[in-house]
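Atoms considered below: every heavy atom in the structure, side chains included; atoms not considered: hydrogens, waters and symmetry mates. Here is the naming used below: chain letters follow the sequence lines, and residue numbers restart at 1 for every chain.
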There are 2 protein chains.
Amino acid sequence: MALNEAASKPIAVCSAVDLVAVLAAVTGGQPRVMTIRDGAALPSGPFELDDRSLQSGLRAWVERQTGHPLGYVEQLYTFADRDRAAEGSARRVISISYLGLTREESAKGAGNAGWRNWYDYFPWEDRRSGPPAFLEKAIVSRLRGWAKAADDAAKRRERAERLAISFGLDDSPWNEELILQRYELIYEAGLVEEAVRNGDRDTPAAIPGRPMLADHRRILATGIARLRAKIKYRPVVFELMPPTFTLLQLQRAVEALAGLLVHKPNFRRLIEQHDLVEDTGTTASDTPGRPAKLYRFRRAVLAERAVAGTKLPLTRS
Amino acid sequence: MALNEAASKPIAVCSAVDLVAVLAAVTGGQPRVMTIRDGAALPSGPFELDDRSLQSGLRAWVERQTGHPLGYVEQLYTFADRDRAAEGSARRVISISYLGLTREESAKGAGNAGWRNWYDYFPWEDRRSGPPAFLEKAIVSRLRGWAKAADDAAKRRERAERLAISFGLDDSPWNEELILQRYELIYEAGLVEEAVRNGDRDTPAAIPGRPMLADHRRILATGIARLRAKIKYRPVVFELMPPTFTLLQLQRAVEALAGLLVHKPNFRRLIEQHDLVEDTGTTASDTPGRPAKLYRFRRAVLAERAVAGTKLPLTRS
DNA sequence: TCAAAAGTGTTATCCTTACACCCATGT
DNA sequence: ACATGGGTGTAAGGATAACACTTTTGA
């Protein structure tokens with residue numbers, strides 16, 4: 001590293017840069033992610049110099065692939081740690097990752113590309129029917145063992161605390177946003193195939209959850225975490241919905257993303273209170289039970305609300 | 001762009017990558033940012049391949065430079081738009097930017113490096129004594145002119161709306177987090193030197209606020225925006241405070257960052273309620289008025305609270 | 001005594017949470 | 001009738017915002 005203060009023009013050091021996309025959708029009540037290589041990797045490729053910008057290039061590429069406009073794109077993170085290389089060669093790569101939201105629909109992924117339920121990769125993150133049965137035995141108890149196995153007492157305490165917070169043990173509530181922290185804990189403990197590949201441990205039995213190439217699973221976790229956080233303060237769920245939808249469909253989408261169940265009456269009020277939707281006048285009829293009103297996203301909110309929500313007790317005047 | 005699904009190994013396309021740091025501190029009741037080249041640029045330099053990771057490399061560099069531990073580092077954004085090159089050569093550079101927080105103290109910036117009040121670059125962002133006098137004439141009225149000058153009606157409406165929201169006109173409240181949006185509006189309207197340099201407009205009189213090289217001012221705005229947002233939901237202010245401090249000092253630091261005044265009694269209650277600080281038993285004596293208790297940050301909160309704060313109405317059980 | 005800052009009390013309001021309940025449709 | 005989902009009412013509790021006020025020091 002040389003952040004030289006007096007640097008004239010930066011020297012033209014060169015690195016391989018690639019782009020990685022976490023493309024999310026919701027269908028059939030499940031959260032989906034676009035994958036390639038038969039589910040083993042996220043879509044990615046070299047960053048070419050003639051793009052207008054990273055974001056617009058990514059958008060164009062996705063729209064070409066899926067035939068659908070990408071509703072929303074945001075940069076996720078840029079990874080550059082050495083231990084990313086992973087696969088033999090110590091080649092250093094910089095990965096710039098993006099999160100994109102789309103309505104799945106015609107998921108005409110060419111070749112071996114396709115949409116997968118993202119809980120295939122993180123089965124412990126789906127708590128819509130309560131904590132999964134395997135969690136305690138296959139994960140938590142082994143992490144407890146790992147925490148106890150640290151060298152000194154301080155480290156043991158620290159690990160135990162991270163474990164409790166990440167997985168919502170001992171009075172800590174489960175926090176669905178901590179998906180990356182949970183993955184990293186499991187990784188550090190050597191319980192995922194990716195960690196084993198990197199030679200950090202000898203070969204323990206892998207835990208439930210499908211691995212991915214390189215660090216794509218970490219990137220996916222980063223994307224899910226961002227989305228789980230964002231749905232709480234920005235109206236991004238709507239990017240994943242069809243043009244019109246019932247409030248229950250909307251709720252199911254939120255639940256799919258969060259991996260948690262939501263309180264129906266209060267959810268409806270929340271949506272209505274914030275004026276996020278408007279009535280279309282029509283009702284959905286093909287469903288069981290009483291027909292539900294169909295709503296559409298009130299796109300005006302995107303402009304109206306810069307949102308943000310104060311948290312500082314300001315003085316008036 | 002070629003996010004080829006079937007990509008075997010990405011081709012070794014090469015780009016120049018550099019790191020840019022937004023280092024923030026608070027002293028003398030003012031927010032500071034570390035600059036080089038006599039205040040014209042942010043510290044930056046080429047990214048070298050032998051670093052362990054971006055973050056740790058940046059941390060090491062800063063600690064060497066300032067002699068102080070960097071309390072907090074986070075990645076800001078990776079810029080790669082073509083129009084960044086700006087300065088003659090169409091050379092494409094990728095800039096990975098970071099936000100770092102430190103206690104200024106011995107700001108022994110070597111050479112022409114040093115701490116600057118960040119409102120030198122964004123004078124309209126400091127509203128601690130109300131909206132600055134020049135705002136209406138030097139900025140808002142000219143932006144209104146720019147909004148009216150758009151080609152078609154739709155674009156005029158869109159510009160007027162962005163203007164109203166960004167600058168808190170027509171019933172919209174001022175939102176201190178929108179600093180980047182405000183800067184981009186001013187940039188698009190051709191009112192900053194940086195835009196003129198890029199040849200977007202002929203030469204209008206520049207508005208108050210010091211320009212920077214390349215797009216460093218945009219990066220700085222990104223950093224300030226992140227920090228202004230983050231102090232509301234994470235205890236990061238404390239990274240900028242001395243080991244012990246009074247509640248008024250803490251309040252002044254928050255005000256300096258936000259560019260807004262805070263309601264004292266309610267601020268104190270907020271801090272205490274959340275158990276963010278603990279009493280040291282000592283009091284500050286050298287100040288005017290009644291001596292204030294000195295507090296210290298309760299570092300335990302970093303571990304205890306994964307924080308997050310639900311916004312979804314979950315079902316119990 | 002006054003200025004300056006520390007610090008406390010109290011209220012109105014809003015938002016969130018939880019619980020209870022009724023409504024409309026198809027089988 | 002009953003299952004399924006749609007939809008409303010309301011009350012308790014907590015957080016926030018606003019106002020008014022007392023306390024402690026140094027000059």
According to a strict under-4.0 Å criterion, is A:Gln251 in side-chain N/O contact with OP1 or OP2 of D:dG6? no
Any ion pair linking [Y] and [X] (charged N to carboxylate O, less than 4.0 Å)?
X	Y	value
B:Arg228	B:Glu125	yes
B:Arg210	B:Asp120	no
A:Glu74	A:Arg234	no
B:Glu255	B:Lys264	no
B:Glu272	B:Arg269	no
A:Arg159	A:Glu184	no

So which protein N/O to nucleotides 9-13 of chain C N/O distances come out below 3.5 Å?
residue: C:dG9; atom: N7; partner: B:Arg269; partner atom: NH1; Å: 3.2
residue: C:dG9; atom: O6; partner: B:Arg269; partner atom: NH1; Å: 3.4
residue: C:dG9; atom: O6; partner: B:Arg269; partner atom: NH2; Å: 2.9

Whole-Å distance between [N] [atom2] and [X] [atom1]?
X	N	atom1	atom2	result
A:Leu312	D:dA15	CG	C1'	15 Å
A:Phe267	C:dT17	CZ	C1'	16 Å
A:Leu260	C:dT17	CG	C1'	16 Å
B:Leu314	C:dT16	CG	P	13 Å
A:Tyr295	D:dG5	OH	P	17 Å
A:Ile271	C:dC15	CD1	C1'	15 Å

Proximity to the side chain of B:His263 - top-ranked nucleotide from D:dT16, C:dT16, D:dA18: D:dA18
Report yes or no: is the cationic atom of A:Arg127 (NZ for Lys, CZ for Arg) under 6.0 Å from the centre of the six-membered ring of A:Trp174, at an angle within 45° of the ring normal? yes
Do side-chain atoms of B:Arg103 reach the backbone of B:Phe238 as a donor and acceptor pair under 3.5 angstrom? yes
N/O-N/O pairs, protein side and nucleotides 4-6 of chain C side, under 3.5 Å:
residue: C:dA6; atom: OP2; partner: B:Lys264; partner atom: NZ; Å: 2.9
residue: C:dA6; atom: N3; partner: B:Arg290; partner atom: NH1; Å: 3.3

With A:Arg296 via side chain to side chain donor-acceptor pair (under 3.5 Å) - residues at least two apart: A:Glu278
